[in-house]
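Chain A is the first sequence line, chain B the second, and so forth, proteins listed ahead of strands; every chain is numbered from 1.
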Amino acid sequence: MEYDFRKIENKWQKYWAENKIYKVEINDKPKYYVLDMFPYPSGAGLHVGHPLGYIASDIFSRYKRLCGFNVLHPMGYDAYGLPAEQYAIQTGQHPSITTETNINRYRNQLDKIGFCFDWDREVRTCDPKYYKWTQWTFIKMFNSYYCNQAQQARPISELIEVFAQQGTRNLDLACSKQMQFTAEEWNLKNEKEQQEILLNYRIAYLADTTVNWCSALGTVLANDEVSEGLSIRGGYPVEQKIMKQWSLRVSAYAQRLLDDLEKLDWSESLKETQRNWIGRSEGAEVNFYIENLNTELPVFTTRADTVFGVTFMVLAPESEYVDKLTTDNQKQAVAQYLERTKHRTERERIADKSITGVFTGSYAINPVKGNKIPIWISDYVLAGYGTGMIMAVPAHDSRDYAFAKHFDLPVIPLIEGCDVSVESFDAKDGIMINSGFLNGLTVSQAIETAKKYIEENGIGKRKVNYRLRDAIFSRQRYWGEPFPVYYKQEMPYTLNEDKLPLELPEIDKFLPAETGEPPLGRAKNWQTAEGYPLELSTMPGFAGSSAYYLRYMDPHNDNRLVSAEANQYWRNVDLYVGGTEHATGHLIYSRFWNKFLFDCGLIVENEPFKKLVNQGMIQGRSNFVYRVKGTNRFVSLGLKDKYDTTEIHVDVNIVKNDILDIDRFTKWMPEFNDAEFILEDGKYICGYAIEKMSKSMYNVVNPDVIVDSYGADTLRMYEMFLGPIEQSKPWDTNGIDGVYRFLRRFWALYFDRDGNFNMSDEKANQQELKCLHKTIKKIQTDIENFSFNTSVSAFMICVNELMSLKCNKREILEPLVIILSPFAPHIAEELWHLCGHATSVCDAVFPKYNEEFLTENTFEYPVSFNGKMRFKKELPLTFTVKQVEEAIITDDTTQKWLDGKTPKKVIVVVGKIVNVVI
RNA sequence: GCCUUGGUGGUGGAAUUGGUAGACACGCGGGACUUAAAAUCCCGUGAGCAGUAAUGCUUGUGCGGGUUCAAGUCCCGCCCGAGGUACCA
């Protein structure tokens with residue numbers, strides 16, 4: 001019987017769906033949770049790169065299930081997003097319709113690949129039943145503060161009580177800006193004033209913040225949504241602007257996010273990316289006395305040792321101290337400078353590195369040296385980092401150096417023997433000079449000594465700074481979760497939980513309102529029953545994706561985010577598979593979100609994703625044809641140098657193994673109808689290039705096309721065979737035939753010459769058993785190591801061997817079906833049923849290998865030695881002492897190493913590798 | 001600049017973690033079957049040299065050194081690619 005993959009795949013996909021084979025419930029087996037990053041359903045549908053990670057996780061899920069685990073492997077959709085909204089703006093079609101259509105298309109494509117998802121647990125972030133819990137968590141965050149002493153989020157009600165009793169005394173709280181007040185002061189404040197203060201401590205808070213404003217998109221963006229001054233989506237310019245926005249106090253969790261990375265089984269590079277993003281730096285906050293303000297201002301430095309070399313101070317243009325420090329005669333110059341920097345976008349600032357700045361007119365006093373130093377303003381200092389002001393040490397910081405040279409400020413070298421006439425000396429080694437009590441120390445000693453001095457003399461304190469900022473949580477868009485927030489006396493209050501979900505209202509147009517308000521400004525009656533106005537912004541994309549993994553545990557629960565029982569059982573994700581592009585976005589937010597819920601005692605695990613595997617990107621492999629200029633003649637790749645040609649992208653779907661299907665090409669586009677061809681060896685060979693997979697390059701390969709012509713099992717195995725899962729690689733169908741052939745050969749093992757299903761019950765011999773057990777062992781270790789490309793090879797070797805042995809024995813072939821089933825579930829299911837089983841192959845048990853069949857021939861040799869060696873000559877399966885001796889002696893290096901001694905015990909494995917013992 | 005990764009045939013990629021480098025697959029060459037093609041199957045395939053041949057020898061994992069009986073793998077110094085990050089004080 002022929003291997004009819006269409007028939008087989010349709011049959012079993014239907015069977016799986018109808019019988020809910022992959023439905024999971026809590027039971028008494030051990031659990032295993034495998035999660036894919038859920039997709040944003042874009043209009044373009046899935047391309048061949050998307051399923052790569054899904055296939056890997058599917059194989060793993062199926063394998064774990066065969067090993068006796070109760071495997072949770074759900075799927076859903078990250079359904080809020082900009083493309084649907086932009087499409088809505090252009091066409092007027094409601095984003096929910098676009099989203100629904102796209103989801104259906106995705107589902108259709110996913111179903112064809114034969115995944116073992118439990119679709120009963122599907123979630124969509126735009127579903128009110130789902131986002132009810134996103135809003136609910138937001139309310140929790142609004143009603144919490146972060147206690148630095150306990151390193152934990154706590155209810156805000158607790159803080160209100162403390163304020164009423166002791167004010168801010170003895171408190172160490174995460175906040176937007178340091179505040180100090182007594183209980184009396186607190187108690188005298190009115191409701192609005194108290195609410196204002198509380199916003200400074202809430203984990204979800206509303207505040208004036210410097211934000212990335214993208215006017216082309218009409219919304220603010222988070223740091224991870226901006227790269228090099230351009231928005232990641234769309235590539236529009238982004239500028240810095242101060243706006244009142246919702247933020248999440250992620251920075252409070254910086255240290256925990258950093259520390260807990262240690263426990264995670266993630267790739268080193270991903271952890272490193274997160275460490276960089278969190279950006280912990282240890283240093284000190286040093287107070288500088290400001291003469292004309294009669295006050296002290298702190299600056300942050302990691303180089304406290306260089307305090308004797310401070311020759312000026314620099315303030316960020318956005319700093320709140322700019323006004324206070326500007327003296328009357330500098331007012332105009334400063335105003336001019338601010339005007340200029342304000343209108344520069346982030347991108348311009350990066351592109352144009354010319355040095356700019358202006359003197360404020362004020363001076364500070366060096367706390368160790370007592371001299372007067374001028375205070376400048378420059379945009380090379382960032383308002384959002386440290387205190388927005390720096391002490392400049394031009395001799396040992398290249399940026400300060402450039403500034404000093406440009407404005408002709410003094411440079412004082414602090415390290416013995418360094419030459420600062422042309423550039424600064426940034427390295428942290430050498431012996432200190434010109435530095436008072438630090439003279440003669442090494443730099444690292446000096447840093448420590450200086451910090452100690454600063455603390456002991458009340459000049460400042462040790463301080464740890466983080467680069468990680470709070471996440472801006474408002475978006476001026478329509479297609480997102482509404483905030484469960486209303487305003488009373490201009491202060492935000494959250495809705496009662498029983499009002500949730502607060503559903504997204506209908507609006508007539510999806511553009512911002514004429515008033516300049518976000519789109520929700522167009523909604524009618526967007527207010528509470530009492531008539532208080534509701535928040536007009538919506539939440540960003542990461543709101544819905546931060547805790548979706550919890551919702552899968554208990555997706556239909558309307559009373560809890562997740563029941564204690566379900567959470568106790570499923571705990572957290574054992575294996576998370578997805579792209580590395582989420583390293584500084586989703587994967588930080590999700591960890592933060594999870595830790596917050598953990599602090600609230602709502603969930604049992606403090607990290608969401610134990611093990612994480614990043615699948616590589618699949619790039620496109622474009623094909624080209626070469627048109628002779630000014631004609632409609634096309635010349636094959638090998639001959640193109642003889643002509644003057646233009647390179648034209650050609651649809652990769654009409655090219656096979658770089659050979660152009662001429663017939664289809666002429667029909668592809670009208671202009672090619674009468675094309676002529678200059679062939680080589682009767683074929684038209686196309687050129688190729690590796691590029692991003694995109695429509696405009698005609699290199700998008702749709703998985704449906706592959707499934708149609710080769711079947712889902714071939715697609716699955718081929719995607720795995722392509723190379724290591726973490727590696728990026730171009731999609732290249734050149735090898736797919738090999739995998740297809742393998743499956744057909746595999747199929748043929750189970751059928752006799754006449755095409756009848758045929759297995760014998762005869763006992764397997766040693767060789768057949770070895771072949772099987774070798775394969776079981778290899779596949780098992782490969783799956784556990786996520787090395788799927790080598791697994792596919794192992795199957796190929798196994799089948800080739802069994803074919804040459806003409807093996808048709810049940811004892812061998814039946815276990816083989818089971819170990820193949822994670823990779824090619826359809827063909828395995830068919831064969832499993834043909835073997836006479838009534839239940840699905842996924843309920844079988846992964847066979848155990850027997851080491852006995854794998855090792856042979858242990859041989860005792862009468863002399864002494866220690867170490868490892870190998871034979872140059874291969875030994876036969878059975879051999880004599882003499883043969884061993886000969887084998888050893890023929891090997892020069894071994895002989896040299898033996899140095900006249902003779903081994904005592906020689907262990908031979910499969911005639912090859914030998915352990916030799918003294 | 002800093003951090004993280006990689007660099008192996010014509011191509012994608014293997015290598016039990018220090019033990020016959022190039023598994024498996026593609027491609028290519030040769031053959032069988034066929035009227036023919038497709039499909040299928042078999043043989044060969046890193047490079048170089050010698051031989052009628054089985055085979056033998058030399059060389060070979062980005063470059064240069066080192067450790068070791070033995071290095072793609074470990075150590076030192078470079079070169080190149082990919083990704084992350086960057087006026088972060």
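Residues A/Ser787 and A/Met803 each lie close to RNA chain B; by heavy-atom proximity, the contact nearer the 5' end of the strand is made by A/Ser787.
Here B/G84 is the nucleotide among B/A89, B/A25, B/G84 with the atom lying nearest to any side-chain atom of A/Asn276. Residue A/Arg467 has its side chain nearest to B/C88 when only B/A89, B/G84, B/C88 are considered. Candidate nucleotides B/A14, B/U4, B/U40 were compared by shortest atom distance to the side chain of A/Thr790, and B/A14 ranks first. Taking the side chain of A/Asn800 as heavy atoms from C-beta on, and the options B/C24, B/C87, B/G84, the nearest nucleotide is B/C24.
If you check distances only, the side chain of A/Arg469 does reach the base of B/C88 with a donor-acceptor pair under 3.5 Å.
Close to B/G84, at under 4.0 Å from its OP1 or OP2, lies no side-chain N or O of A/Arg275.
Contacts with RNA chain B (heavy atom under 4.0 Å) in residues 718-730 of chain A: A/Phe721, A/Leu722, A/Pro724, A/Gln727, listed by number.
For the pair A/Leu258 CG and B/C3 P, the interatomic distance rounds to 17 Å; values are reported in whole Å. Atom CD1 of A/Ile797 is separated from atom C1' of B/C24 by 6 Å (rounded to the nearest Å).
One finds no salt bridge joining A/Lys729 and A/Glu719 here, because no Lys/Arg side-chain nitrogen approaches an Asp/Glu carboxylate oxygen to under 4.0 Å.
Comparing B/G18 with B/C75, their C1' atoms sit 13 Å apart, to the nearest whole Å.
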